[in-house]
There are 2 protein chains.
Amino acid sequence: MEFAMDISSKTRSVRDVVYEKLKEAIIVGEYKPGFHLNERQLAEQFMISTTPLKEAMRRLEQEGLIITRPRVGSFVSDDVMVSIEEINLIRSAVEGIAARLAATKINDDEISQLEETLKEMERYTKERNPEKTLEMNAYFHKLIAILAKNNYVYKQIEAIRSFDLGPKNKILSNPEELDRALREHQLIFKMISMRDPDGAENAVRSHIHRSTTFILNTKK
Amino acid sequence: MEFAMDISSKTRSVRDVVYEKLKEAIIVGEYKPGFHLNERQLAEQFMISTTPLKEAMRRLEQEGLIITRPRVGSFVSDDVMVSIEEINLIRSAVEGIAARLAATKINDDEISQLEETLKEMERYTKERNPEKTLEMNAYFHKLIAILAKNNYVYKQIEAIRSFDLGPKNKILSNPEELDRALREHQLIFKMISMRDPDGAENAVRSHIHRSTTFILNTKK
DNA sequence: TATCTCAGTTTTGTATACAAAAGTTAAAGG
DNA sequence: CCTTTAACTTTTGTATACAAAACTGAGATA
């Protein structure tokens with residue numbers, strides 16, 4: 001399976017690596033809200049200079065994960081720990097727009113490509129292979145983001161997805177959930193291939209919303 | 001050269017100023033899609049070093065406005081010129097979520113604050129003062145973004161809003177449009193103050209959507 | 001006691017130097 | 001004539017040095 005828009009494999013510059021490390025550390029709570037990300041200290045820890053560190057921090061700042069007070073320092077944002085529910089609200093909204101755009105722009109070749117992905121997902125779901133199914137699940141969503149043909153939308157979705165670091169996968173591996181998700185993905189595909197923007201947006205929104213509430217309810 | 005003077009502002013750092021300058025230049029089309037943002041060349045033009053320039057570029061990269069190929073350069077993204085329609089789709093989706101969150105979190109003091117803003121907008125609308133009305137319009141939307149109490153959402157909305165640089169204001173100064181917008185804002189306020197998340201989200205979405213199509217239809 | 005001042009410390013902001021990768025061109029070899 | 005290769009050029013990536021703003025705290029003063 002080749003990923004059409006894989007940007008990360010070859011570009012492993014220091015600034016990218018440290019960006020990912022810092023982001024993960026913030027999201028998993030290793031750096032707690034309010035924590036001072038001391039430039040020199042971090043540079044020493046990572047054994048790098050401040051230049052790539054600064055570049056990574058500007059990206060985190062742009063995402064709202066850290067707040068920088070000039071000449072004082074960068075601090076982990078107080079409301080990084082927005083609930084999974086809120087993050088997924090935004091995700092469902094933006095991915096919904098992606099589906100809408102994809103429905104208006106998709107061509108026949110791309111419909112085949114999307115269908116191929118769906119078929120593969122169906123196969124893995126019937127084989128009860130949760131790992132592969134979830135992998136195809138992620139790719140299906142990513143493909144829609146690509147088919148929106150709007151780099152801004154794509155970037156936003158990737159940024160939001162990187163917040164997912166929890167034990168989500170175990171929950172979603174529930175067989176009934178996999179079947180439900182498959183049916184919803186089939187609906188999404190149908191709407192996009194029919195070039196129905198409203199239908200596509202709604203299908204994605206309700207899918208993400210339902211799947212999120214499922215996770216929340218299962219957790220407790 | 002012509003940019004150098006503006007950097008004298010002491011309150012903001014060079015990296016922030018140059019970020020805004022570059023962003024505006026990209027949005028208004030001064031730097032066209034595919035244009036190579038040469039680090040050293042730009043640094044010379046702005047009469048600054050490459051460090052703050054790099055930091056600004058990482059923010060633009062994070063936003064998807066430029067694409068950086070390692071050791072090659074940063075280039076204005078090919079699809080920066082997404083139509084005003086697409087930008088506003090995303091905006092309506094994210095501001096819709098902001099309204100939803102605001103409806104679930106708002107307290108009585110904040111309802112008064114929002115009402116105050118609305119009343120001021122009513123006054124200016126009745127006085128037929130388009131400039132002030134639009135100013136309050138912007139503030140009303142911003143206040144909702146703040147009341148969502150989610151820094152991520154706030155940041156996204158601010159980032160999207162910065163794309164607005166067109167002759168939008170003239171179109172929106174149409175008296176009928178101002179009246180229509182006022183009624184819609186009243187509905188939005190009502191929904192949020194009633195703590196109705198669905199109603200609030202729908203009200204914002206349809207308001208932004210209608211107002212956008214009005215602009216598009218008026219333009220031609 | 002409370003507040004103001006000012007020097008000392010901390011921390012980031014910016015500039016510059018150098019290293020390394022990618023791109024380019026032209027000559028050599030088939 | 002086309003392809004390969006290797007030197008050369010261009011451009012970014014990273015490290016380091018220094019400047020400047022913000023914070024801190026002790027001592028003076030009202």
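Per chain, numbering begins at 1; letters A, B, ... match sequence-line order. All figures in this text were calculated on a predicted structure; none of them were measured in a lab.
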Review point. Parallel under 30°, tilted from 30 to 60°, perpendicular over 60°: which one fits the rings of His141(B) and His185(B)?
Key: perpendicular
Point to revise | Out of dA15(C), dT11(C), dT14(D), whichever nucleotide has its closest atom nearest the side chain of Ile48(B) | key: dA15(C)
**Study point:** Presence of Arg69(A) side-chain N/O under 4.0 Å of dC23(D) phosphate oxygens OP1/OP2
**Key:** yes
Practice item. Would you please test Lys23(B) and Asp16(B) for salt bridge (Lys or Arg N to Asp or Glu O under 4.0 Å) and show each step? Key: CA-CA 11 Å; Lys23(B) 181 167 183 175; Asp16(B) 290 339; over 6 Å; no
Check your understanding: What is the distance, rounded to the nearest whole Å, between atom CD of Glu39(B) and atom C1' of dT14(D)?
Key -> 11 Å
Practice item. Measure from CZ on Arg71(A) to C1' on dC18(D) and round the result to the nearest Å. Key: 11 Å
Check your understanding: Within less than 4.0 Å of OP1 or OP2 of dG13(D), is there a side-chain N or O belonging to Arg15(A)?
Key -> yes
Check your understanding: Who are the side chain to side chain contact (heavy atoms under 4.5 Å, CB included) partners of Arg71(B), not counting sequence neighbours?
Key -> none
Check your understanding: Does the Arg91(B) side chain pair with the main chain of Arg161(B), one donor and one acceptor, at a distance under 3.5 Å?
Key -> no
Exercise for review: Among dA15(C), dA22(D), dT11(D), find the nucleotide with the atom closest to the side chain of Val72(A).
Suggested key: dA22(D)
Practice item. Measure the distance from CE on Met47(A) to P on dT14(D) and round it to the nearest whole Å. Key: 15 Å
Practice item. Return the value, rounded to whole Å, for the distance between atom CG of Leu37(B) and atom P of dT10(D). Key: 19 Å
Study note, to complete from the structure: Closest of dT11(D), dG13(C), dG13(D) to the Asn38(B) side chain is dT11(D)
Exercise for review: For His36(B) and dT11(D), give me the distance from atom NE2 to atom C1', rounded to whole Å.
Suggested key: 7 Å
Exercise for review: Applying side chain to side chain contact (heavy atoms under 4.5 Å, CB included), name anything that partners Ser92(B), two or more places apart in sequence or on another chain.
Suggested key: Ile208(B)
Exercise for review: Indicate whether the side chain of Gln186(A) and that of Glu122(A) have a donor and an acceptor atom separated by less than 3.5 Å.
Suggested key: yes
**Study point:** Donor on one side chain, acceptor on other, Thr68(A) and Arg58(A), under 3.5 Å
**Key:** yes
Practice item. Using whole Å, report how far CZ of Phe35(B) lies from P of dT11(D). Key: 12 Å
Practice item. Measure the distance from CD on Glu44(B) to P on dT11(D) and round it to the nearest whole Å. Key: 12 Å
Exercise for review: Tell me which residues in residues 49-57 of chain B put a heavy atom below 4.0 Å from DNA chain C, sorted by number, or none.
Suggested key: Ser49(B), Thr50(B), Thr51(B), Pro52(B)
Point to revise | Interatomic distance, Phe46(A) CZ vs dT14(D) P [rounded to whole Å] | key: 14 Å
